[in-house]
There are 2 protein chains.
Amino acid sequence: MQPAAHDRGDGSARPAPHASPARRPPIVSAGIILLVMAVVLVVIPRPDSVGPEGWRLLAIFVGTTLALLLRPLPEGAAVLVALTVVIATKTLPPGQALSGYSNSTVWLVLCAFFIARCLIQTGLARRIALNIVRLIGQSSLGLGYALAFSDALLAFIIPSTTARSAGVLLPIARSMAEVYRSQPGPTSGLLGAFLLLTLYQSDIIVTASFLTGQASNPLGAELAGKMAGVPVDFARWLWAALLPGLVSLFLVPWVVFRLARPGIVRTPAAAALARQEIAAMGPRSSAENITLAVFVGVCGLWMTSRFHSLDTTTAALLGVAALLVSGIFTWRDALEERAAWDVFIWYGGVFAMAGGLNDLGVTTAFAGWVSQWFSGWQWFGALLLISIVYFYAHYGFASITAHMVSMFPPFLAVLLALGTPPGVAVFLLLFLTNLDAGLTHYGTLPAPIIFGAGYVSQNLWWKIGFLVSLMNLTIWLGVGMVWWKLIGLW
Amino acid sequence: MQPAAHDRGDGSARPAPHASPARRPPIVSAGIILLVMAVVLVVIPRPDSVGPEGWRLLAIFVGTTLALLLRPLPEGAAVLVALTVVIATKTLPPGQALSGYSNSTVWLVLCAFFIARCLIQTGLARRIALNIVRLIGQSSLGLGYALAFSDALLAFIIPSTTARSAGVLLPIARSMAEVYRSQPGPTSGLLGAFLLLTLYQSDIIVTASFLTGQASNPLGAELAGKMAGVPVDFARWLWAALLPGLVSLFLVPWVVFRLARPGIVRTPAAAALARQEIAAMGPRSSAENITLAVFVGVCGLWMTSRFHSLDTTTAALLGVAALLVSGIFTWRDALEERAAWDVFIWYGGVFAMAGGLNDLGVTTAFAGWVSQWFSGWQWFGALLLISIVYFYAHYGFASITAHMVSMFPPFLAVLLALGTPPGVAVFLLLFLTNLDAGLTHYGTLPAPIIFGAGYVSQNLWWKIGFLVSLMNLTIWLGVGMVWWKLIGLW
């Protein structure tokens, strides 16, 4: 596998071109995809427990996953073509092939994109971040924490890493660096390199810690419920991530500070700039106030889901309805939020296909086959090895989504077959799927954008990525396991 | 009921403002809607056969229909808010409330919009129309027929009256009028008024004659299958409409010619202009050729649906997949086709609610209540009276969709309860829902656009609308009934 895709699902911005590996001509990619599909169909023997429809679906699904990686077509188009093949070959009945589009998780993502648009459009997201910078941005380390905490706060409802880190926070981080005349090139080490590395590495922690961290997290959550019977909603996700997430989030800026120490340590001018920009924004508009009320209200409903009967999607729909009725969010805004429709289409299709693979016994058959190799192992040993393989496989991915789609279901099935407690298997894999994106400058869509700002050399980016990955694995497999024991996941 | 809405579902263009009745302030509309909903919930006694969920759904549905008429919010937003209320009040479970979005009819509409965009974008639709003008446009009556036949040909796959008549054909008709110096004002009667009236009135016939005539036709077809057990696909629809549709389509230009006789009768320069414009377009591009192949292929599959197992939606998906893979239609085009997403959202929501009303026994209860009044009537007498009421009620509608959504299911249920043969009840109502849009200059979205060109006075428009309505009712209730007897619908 080779990185050639970008995580369109993580947000709306286009990738910065120069960090992107060269594109293969689409015809070559298409040829590779068809060849691999033919191999699955013709060469690999179909196990007895899987019917011909299941095997055909596997071939189509493998083709789709490859298409997400090689991108002969954009994700949405590839998934639509795949669904057409699924329906036309009668692999799944149309109702089942299209079932993702009436799934409430898919709708949750659509709604979160809509609410996020209001946070960004009204300036509320920027105002929140600037206020945090104003409060704790007197030192460069403080600035790093300000970026990390702002990202975490926004991740309560903005399900796009790109919108949060590249859209809202990157411009703030850059303007802070420029106040201290730290620019790409010789002066990058003064402040900019540290800020951008901290922004990206803490964004990765945040992405892992929230159901709404990025667009394919709810997909993973839904599959987890289906495959392992582990219910995962917003509050449960955040609870499971709480301790390891906080530890990581507190350590990351400090570790990056040690490893890529900025030349400038005191940054009072940055906090002053934030104060000045807030003043320039004027008092909060009524649109901002209403958006803030919706933001707080929806997150409140999510956090308290066990005390009332409104599920995650219903709460999000209520938020969107409030924004539509108040006129803050117009229907025209909704129709122009192309990233939302894009995610809606590919995500609903992938969702239905992954569910179909599970229903048709393919995932179970794969798990049975792999788990033979581990016979005699304790589940914990297998878990460690599998986690490491799963994590570092992301050197070959340019998209969290592609990783989630292709590797999460089979690896989850394997862990379950080896006797891993379902709660541990589900949450660990969900978290790792996101954390591994910190390795490279193409690991998820904002990576090439932030890298593309030019403050950080590839060497430094990869070195920090690798060292932080060791820290994250230690924290999430160490502190995480203890925490999950305490909260009763195993 | 008062016309205040525009048929966004019928196409992508914005309505011409000056033909639109004054908008009420949204808050007044919202007040009216809430009041009527309260009346349904509190004042009207709930029949024993309907449970509280059913009655609540009725109140929400009545509110939604009023919202489609009064438009305090655009259709899509109104339907999304309605769905939120349905889900949050636990009137329907989320899966059922969102079920429209995995319905293949809803997907058929989405696909048809995508294919239509290619026909228009590549210039193929225009080329087809110009060629027909070139062939039979030597006289003004011939020009009228050219417009009518072009519209019919495009309706095989363009499910938007606006795109066909206002988008593709109106500019052609206007340029033909201008060749003969017929412009809005004193010279409009020379040619322009006749051409535009013919264009609109024949578009209405075409809209009624094809499942793909406009966006809510497939909705009606699906409801017909659900409520009356009458399967309606593309080929069956066209077959049932064939004889009355052809008779109407042949008579309309001639009748309009008699009633609004153009000053200019011979139009060789129009045909010459068409030839010249075709020459200016150059030879067919490969994009046009591929689109043409997809157009012919998909329509071929639709027409022959009883000889193979690919249903209407599958055929349309294959067409879209072919256009995506060939690169004629990019994913960016798809995401920018806002009208398609708009229709997808409101249509899927309305679909689920209308289906829910039927499942919860509300439609049947209404039908039982109305049919008491007709006790002792023969079904044919009741059918005549009900058809006339149903038809002329459109003086109060500015949207075929609003009419279809609010009146088609209950009137169908009444006709069935009175013993009308299901096939007759279904097709007659489906056809009338479209034909009645010819009455006014706001009957469906292209009406205000074509009227807004300024060639036709409101007096003349309404006079022609009324006279053609008499002709259409005679043809579809007379020739239609005979034809439906012949093809075994009763």
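For clarity, every value in this text was computed on a predicted model and none was experimentally measured. Chain A is the first sequence line, chain B the second, and so forth, proteins listed ahead of strands; every chain is numbered from 1.
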Among B:Pro94, B:Gly76, B:Ala30, B:Ala316, which has the most heavy-atom pairs under 4.5 Å with chain A?
B:Gly76
Proximity breakdown for A:Trp107 and chain B, heavy-atom pairs closer than 4.5 Å
side chain
Whatever's closer than 4.5 Å to a heavy atom in chain B on A:Ile345 counts as side chain
To the closest 0.5 Å, what do you measure between CZ (B:Arg117) and CG (B:Leu323)?
12.5 Å
Taking side chain as everything from C-beta outward and backbone as N, CA, C, O, which of these in A:Ala88 sits under 4.5 Å from a heavy atom of chain B? Side chain, backbone, both or neither.
both
Under a 4.5 Å heavy-atom cutoff, which of B:Ala97, B:Gly348, B:Ser309, B:Ala322 has the most pairs with chain A?
B:Ser309
Test item: side-chain donor near acceptor, A:Asn103 and A:Thr105, under 3.5 Å
yes
For chain B, the option from A:Leu83, A:Leu318, A:Leu310, A:Val85 that forms the most heavy-atom pairs under 4.5 Å
A:Leu318
A:Asp233 and A:Ser305: side chain donor to acceptor below 3.5 Å
yes
Within the structure provided, determine whether B:Phe234 and B:Leu108 are in side-chain contact (heavy-atom separation under 4.5 Å).
no
Side chain, backbone, both or neither of B:Phe344 within contact of chain A (heavy atoms, under 4.5 Å)
side chain
Could you look at B:Thr313 and say if it's the side chain, the backbone, both or neither that has a heavy atom under 4.5 Å from chain A?
neither
Separation between CD1 of A:Ile87 and OG of B:Ser104, rounded to the nearest 0.5 Å
8.0 Å
Using modelled atom types only, decide if a donor and an acceptor are shared between the side chain of A:Thr304 and the backbone of A:Phe307 within a distance under 3.5 Å.
no
Pairs of heavy atoms under 4.5 Å with chain B: top-ranked of A:Thr314, A:Leu324, A:Leu98, A:Val81
A:Leu98
Check whether A:Val106 gets within reach of chain B through its side chain, its backbone, both or neither, counting any heavy atom under 4.5 Å.
neither
May I ask you to decide whether A:Lys226 forms a salt bridge with A:Glu222, counting only side-chain N to carboxylate O separations under 4.0 Å?
no
